[in-house]
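Comments concern the structure below.
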Amino acid sequence: MDNPFQNFRDLIFNNETFRKALLNTLLIWIINFIPQILLALLLTAWFTNNRLNIRGQGLFKVLLYMPNIITAGTIAVLFSALFAYPMGPVNSFFHLMGWSDAPIFFLQDKTTARGLVGFIQFWMWYGNTMIILIAGVMGINPVLFEAAIMDGATAVQTFFRVTLPSLKTILLYVLITSMIGGLQMFDIPQLFLQGGPDNATLTTSVFIYNQAFRGAYMYNRAAAASMIVFLIAVVLSLVLFYFMRDRDAAELKKMEKMMKKAAKAAPREV
């Protein structure tokens, strides 16, 4: 091929399926990440609150983390059976409650399919996010919490004024790893619905797999799509680093540099 960028141009401007895969990936990631981080933060605040003194924390943490160690194939089979058509537990429950007279083909509805994939991703990963955040809270100097208690701060004030600011680095790590994991989302969309219905759950990784290993075996197109996804991950990571940087530390470094330059520029005393 004369133009080395032709595959990139074709994917971005002429391939509607690839653009749809990018949009699906973004939607499914948002559906799963927002409730995931909110629930993980809530559970972190709950488990690390010394005033509550919750018993059996270890058991609760294991149970909440459990979905993360179940294989994706097992989860795909489980949810396929739950939402089976025409006979399945969810359809039977809807009929029992009188919410539907006829069986519902849940997995053929685009919105429902995206929502289910997003929910599965959320269910699998919120426990892992919770464990990371709890580990981050354990690394915060206890003196900060003691000072907050002595100043009369409530549990909510302590969480938002002490815990969250101290977790900025951990939150940045969670955001970046989750974003990269979202761009690489493959196992659940592929094993559960194979990108269907009508490409509603087709993610970028499933698109790349289909291009390289199914049908026409378009390795050049798959490689170009992989490079585009990599560049998107790099750009988004840089944006997150910029917006979540420690502004106070950056300002301090800037002041130090200015002072050093001023000291060098000043005439030396004889």
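Each residue takes its place number in the sequence, starting with 1. Both backbone and side-chain heavy atoms feed into the values below; hydrogens, waters and symmetry mates do not. Small disclaimer: the values here were computed from a predicted structure and weren't measured.
Atom CE of residue Met130 and atom CH2 of residue Trp125 lie 13.5 Å apart, to the nearest 0.5 angstrom. The distance from the CE atom of Met87 to the OG atom of Ser92 is 4.5 Å, given to the nearest 0.5 Å. The OG atom of Ser166 lies 6.5 Å from the CZ atom of Phe145; values are rounded to the nearest 0.5 Å. From Ile208, atom CD1 reaches atom CE of Met218 across 14.0 Å, with rounding to the nearest 0.5 Å. To the nearest 0.5 Å, the span separating CD1 on Ile188 from CD1 on Ile120 amounts to 5.0 Å.
Looking at heavy atoms from C-beta onward, Ile134 lies in side-chain contact with Lys61 at the 4.5 angstrom threshold. Counting heavy atoms from C-beta outward, Phe159 and Thr154 have side chains that stay 4.5 Å or more apart.
Pairs passing the side-chain hydrogen bond (donor to acceptor under 3.5 Å, both in side chains) check and including a residue from residues 180-203, sequence neighbours excluded, read Lys110-Asp198. Under the ring-ring contact (aromatic ring centres under 6.0 Å, His included) criterion, the residue pairs touching residues 41-65 are Trp46-Phe60, with sequence neighbours excluded.
Taking the six-membered ring where tryptophan is involved, the planes of Phe122 and Phe119 are tilted, since the angle between them lies from 30° to 60°. Taking the six-membered ring where the residue is Trp, Phe79 and Phe83 present parallel rings, their angle staying beneath 30° rather than reaching 60°.
Cluster note: Leu27 groups with Leu23 through ILVMFWY side-chain heavy atoms spaced under 4.5 Å, whether in direct contact or through intervening members. Residues Leu59 make up the rest of the hydrophobic cluster containing Leu63, defined by ILVMFWY side-chain heavy atoms closer than 4.5 Å, directly or through other members. Connectivity analysis of hydrophobic side chains (ILVMFWY, heavy atoms under 4.5 Å, direct or indirect) links Val143 to nothing; its cluster partners are none.
Remark: side-chain polar atoms of Thr177 are paired, donor with acceptor, to backbone N or O of Val174 under 3.5 angstrom. Using a distance-only test at 3.5 Å, with no hydrogens or angles considered, no donor-acceptor pair links the side chain of Arg221 to the main chain of Asp10.
The environment of Tyr219 atom OH is dense: over 12 non-hydrogen atoms of other residues, nucleotides or ligands sit within 6.0 angstrom. Around CE of Met138, the count of heavy atoms belonging to other residues, nucleotides or ligands within 6.0 Å exceeds 12. Taking a 6.0 Å sphere around CZ of Phe230, one finds it holds 12 or fewer heavy atoms contributed by other residues, nucleotides or ligands.
Between Phe106 and Tyr85, the ring center distance fails the sub-6.0 Å criterion.
Checked by atom type, the side-chain pair Ser178/Trp29 shows a donor-acceptor distance below 3.5 Å.
Applying the side-chain contact (heavy atoms from CB on, under 4.5 Å) test between Val239 and each of Phe241, Tyr242, Phe243 identifies Phe243 as the sole match.
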Could you go through the side-chain hydrogen bond (donor to acceptor under 3.5 Å, both in side chains) check for Arg114 and Asn24 one step at a time? CA-CA 8 Å; Arg114 286 196 193 100; Asn24 289 338; 3.2 Å; yes

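Listed by chain and residue number, nothing satisfies the side chain to side chain contact (heavy atoms under 4.5 Å, CB included) test with Asp101 (two or more places apart in sequence, or in another chain).
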